[in-house]
Amino acid sequence: MSIKSFAAQLFAKQIYKKTQAWAKNPVASQNAVFQELIQQAKHTQFGIDHHFETIKTPADFANQVPIRDYEGLKPYIDKVVKGNTNVLWKGKPLYFAKTSGTTSGAKYIPLTVESMPNHTEAARNAILHYIHETGNTDFVDGKMIFLQGSPILEEKHGIKFGRLSGIAAHFVPKYLQKNRMPSWETNCIEDWETKIDAIVEETFNENMTVISGIPSWVQMYFERLQQKGGKPVGEIFKNFNLFIYGGVNYEPYRAKFENLIGRKVDSIELFPASEGFFAYQDSQKEKGMLLLLNAGIFYEFIKSDEFYTDPEGSGPKRYTIGEVELGVNYVLIISTNAGLWGYNIGDTVQFTSLKPYRVIVSGRIKHYISAFGEHVIGKEVECALQEAMEGTNIRMNEFTVAPQINPASGLPYHEWLIEFENEPEDDVAFAEAIDNAMRKQNIYYDDLIVGNILRKVVLTKIPKNGFQEYMKSIGKLGGQNKIPRLSNDRKIADFFSKNN
């Protein structure tokens with residue numbers, strides 16, 4: 001065992017003990033975070049406007065601070081971007097994480113002195129929990145790659161900004177810098193396809209042991225490696241044994257990845273976002289990711305089926321950590337030490353465990369299909385596809401689902417647009433399997449099929465690299481961008497119908 005491996009095991013044990021201390025006292029941990037956030041921000045403009053000096057409990061907070069998304073908080077953020085101080089959080093942010101996707105264009109998410117360490121420590125601690133549980137430290141002496149955005153940053157009024165993953169590149173610990181790939185120069189390449197080719201050339205002959213990134217983009221990297229080497233990735237990188245991912249559910253990709261690698265490797269799931277690092281997989285044996293309750297984020301939860309209701313004129317009920325239940329779909333609301341307050345990040349979660357609190361990401365509150373009241377969510381379509389592929393040789397690269405409300409003939413339907421690696425032998429039987437799996441999961445969908453309101457799933461095959469071409473067409477190829485699993489409109493579906 002190398003010195004680095006031995007040190008990693010000792011450090012892992014220490015971090016595990018610290019985690020247990022707060023995880024076993026979840027309500028107290030969240031209350032401490034809540035009180036600290038209110039205390040630190042009560043003299044900011046937001047704190048004054050919302051009378052933080054009178055807030056003593058989460059109930060007070062829910063009464064005085066409404067739920068907002070980025071557009072709702074934008075008037076405050078605009079002041080921060082212009083260089084004003086003490087607006088949402090004390091002083092100025094360290095950085096802005098720049099993302100896209102809102103109605104007003106780019107989003108600028110503040111990252112502060114207090115919040116930035118939570119991003120870097122959570123990723124580190126996920127690996128340390130893996131080491132503690134498995135005892136595996138073989139990978140620590142090899143090379144590690146993190147597929148991410150460019151670390152080149154711009155500046156506004158003395159505050160630097162860029163993609164979160166690019167900002168994080170500036171915080172790589174010294175003990176990892178010699179192991180980390182790609183090189184700084186390669187990481188700075190903006191064009192994603194050019195960057196992937198450069199990464200392949202740079203890493204091909206290296207001892208890669210850990211690979212991390214969003215599955216859809218890691219898949220692209222693996223395919224280029226396989227094209228260059230003419231053999232599975234696991235033979236090119238004989239010591240590769242740990243895949244770290246976040247952003248999307250890995251399960252629909254797993255069969256394709258194992259084929260590309262040529263064998264199974266352990267994996268760790270993360271739940272990061274520009275707004276905070278919320279959870280990570282702390283065990284290979286348990287389902288879900290450990291919700292981080294002591295990391296500068298106070299969580300509230302709204303049942304997704306109540307989110308758009310307002311029974312008493314005060315908005316839907318906001319639950320705190322001690323009030324949540326297993327298996328319920330919740331919209332995740334956060335307040336953070338970066339100055340986001342009552343902030344709807346758009347993700348929905350379900351709890352898989354309450355001792356400790358573990359979650360899975362079940363979808364996006366805006367990404368659903370409810371053209372006929374069925375309210376199908378991301379988790380349901382992912383599980384249905386996984387069930388339909390189980391025990392078969394079918395492998396897919398990417399997929400999305402959209403409603404067809406006005407078909408040329410026949411009843412309306414849900415259209416599944418799938419880019420296959422290995423196609424089904426019988427398309428009709430495969431579509432039937434998906435439909436049956438959906439009906440088991442969603443009783444409203446089942447009622448619509450039984451009542452002849454909808455016909456069964458219609459399968460549309462997407463050509464090889466079709467989804468990459470779509471992402472390129474909207475300027476979102478690579479980085480942290482990903483295809484939505486489903487939508488309540490036909491924007492993506494129409495792209496393919498026009499271009500195929």
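Just so we're clear, the structure is a prediction, and the values are computed from it rather than from any experiment.
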Determine whether the aromatic ring centres of [X] and [Y] lie less than 6.0 Å apart.
| X | Y | value |
| --- | --- | --- |
| Phe240 | Phe139 | no |
| Trp217 | Phe222 | no |
| Phe161 | Tyr108 | yes |

Checking the side chain of [X] only, and the main-chain atoms of [Y] only, is there a donor and an acceptor separated by less than 3.5 Å?
| X | Y | answer |
| --- | --- | --- |
| Gln281 | Ser283 | yes |
| Glu275 | Ile345 | no |
| Asn25 | Ala21 | yes |
| Asn294 | Ser29 | no |
| Glu36 | Val33 | no |
| Thr112 | Asn337 | yes |
| Gln64 | His50 | yes |
| His170 | Pro151 | yes |
| Thr19 | Ile15 | yes |
| Glu258 | Lys264 | no |

Just wondering, do [Y] and [X] contact through their side chains at under 4.5 Å, heavy atoms?
| X | Y | answer |
| --- | --- | --- |
| Ile297 | Phe277 | no |
| Val65 | Phe46 | yes |
| Phe467 | Lys482 | no |
| Thr320 | Tyr299 | no |
| Leu242 | Ile268 | yes |
| Glu286 | Arg358 | yes |
| Ser274 | Phe96 | no |
| Ile434 | Trp416 | yes |

Checking Ile244, Val140, Val265 against Val210 for side chain to side chain contact (heavy atoms under 4.5 Å, CB included), the one that qualifies is Ile244

Using every non-hydrogen atom in the two residues, find where [X] and [Y] come nearest and quote the distance to one decimal.
| X | Y | answer |
| --- | --- | --- |
| Met289 | Ala279 | CB-CB, 3.7 Å |
| Gln219 | Tyr253 | OE1-CD2, 3.5 Å |
| Ser115 | Ala338 | OG-CB, 3.7 Å |
| Ile145 | Met208 | CB-CE, 3.5 Å |
| Tyr330 | Glu323 | OH-O, 4.4 Å |
| Leu88 | Ala41 | O-CB, 4.3 Å |

How long is the straight-line distance from [atom2] of [Y] back to [atom1] of [X], given to the nearest 0.5 Å?
| X | Y | atom1 | atom2 | answer |
| --- | --- | --- | --- | --- |
| Leu292 | Phe271 | CG | CZ | 10.5 Å |
| Met116 | Glu121 | CE | CD | 10.5 Å |
| Lys13 | Leu10 | NZ | CG | 8.0 Å |
| Arg318 | Glu306 | CZ | CD | 13.5 Å |
| Lys285 | Asp282 | NZ | CG | 11.5 Å |
| Asn136 | Gln284 | CG | CD | 9.5 Å |

Sequence neighbours excluded, the answer for ring-ring contact (aromatic ring centres under 6.0 Å, His included) partners of Tyr250 is Phe243, Tyr245, Phe257

Can Asp446 and Lys440 be counted as an ion pair, charged N to O under 4.0 angstrom?
no

Do NZ/NE/NH1/NH2 and the carboxylate oxygens of Arg485 and Glu398 come within less than 4.0 Å?
yes

Can you see whether [X] engages [Y] through a side-chain donor-acceptor pair at a distance of less than 3.5 angstrom?
| X | Y | value |
| --- | --- | --- |
| Tyr343 | Asp69 | no |
| Asp49 | Tyr76 | yes |
| Thr348 | Ser362 | yes |

Sequence neighbours excluded, the answer for side-chain hydrogen bond (donor to acceptor under 3.5 Å, both in side chains) partners of His119 is none

inquiry  = Run the side chain to side chain donor-acceptor pair (under 3.5 Å) test on Lys303 and Asn329 for me, step by step, so that the C-alpha distance in whole Å, both residues' side-chain angles and the decisive distance to 0.1 Å come before the verdict.
reply    = CA-CA 6 Å; Lys303 293 179 180 179; Asn329 208 42; over 6 Å; no

Going through the checks in order, is the side chain to side chain donor-acceptor pair (under 3.5 Å) test met by Glu374 and His414? CA-CA 11 Å; Glu374 62 272 43; His414 286 185; 2.7 Å; yes

Report the C-alpha distance between Val331 and Asn344 in whole Å, list the side-chain angles of each, state the deciding distance to 0.1 Å, and finish with yes or no for side chain to side chain contact (heavy atoms under 4.5 Å, CB included).
CA-CA 8 Å; Val331 180; Asn344 172 21; 3.4 Å; yes

In short, side-chain hydrogen bond (donor to acceptor under 3.5 Å, both in side chains) pairs touching residues 77-88 with sequence neighbours left out are Lys74-Asp78

| request: Show your working on side chain to side chain contact (heavy atoms under 4.5 Å, CB included) between Ile334 and Phe278 and close with a plain yes or no. | output: CA-CA 10 Å; Ile334 60 169; Phe278 308 122; 3.9 Å; yes

Practice task
Answer yes or no: does atom OH of Tyr444 have more than 12 heavy-atom neighbours from other residues, nucleotides or ligands under 6.0 Å?
Solution key: no

Looking at Lys160, I want to see if its NZ is surrounded by more than 12 non-hydrogen atoms of other residues, nucleotides or ligands under 6.0 Å. no

With Phe301 as partner, the option from Phe351, Phe307, Tyr319 fulfilling ring-ring contact (aromatic ring centres under 6.0 Å, His included) is Phe351

(Q) Would Lys143 and Asn239 count as a side chain to side chain donor-acceptor pair (under 3.5 Å) here? Give the steps. (A) CA-CA 10 Å; Lys143 297 287 187 178; Asn239 296 316; over 6 Å; no

Next on the checklist: Test side chain to side chain contact (heavy atoms under 4.5 Å, CB included) on Tyr470 and Lys491; report intermediate values, then the result.
Outcome noted: CA-CA 11 Å; Tyr470 168 73; Lys491 181 180 177 183; 4.2 Å; yes

**Geometric class of the Phe61/Trp341 ring pair [parallel <30°, tilted 30-60°, perpendicular >60°]** = tilted

Side chain to side chain contact (heavy atoms under 4.5 Å, CB included), that's the test. Do Val80 and Trp89 meet it? Break it down for me. CA-CA 9 Å; Val80 183; Trp89 191 252; over 6 Å; no

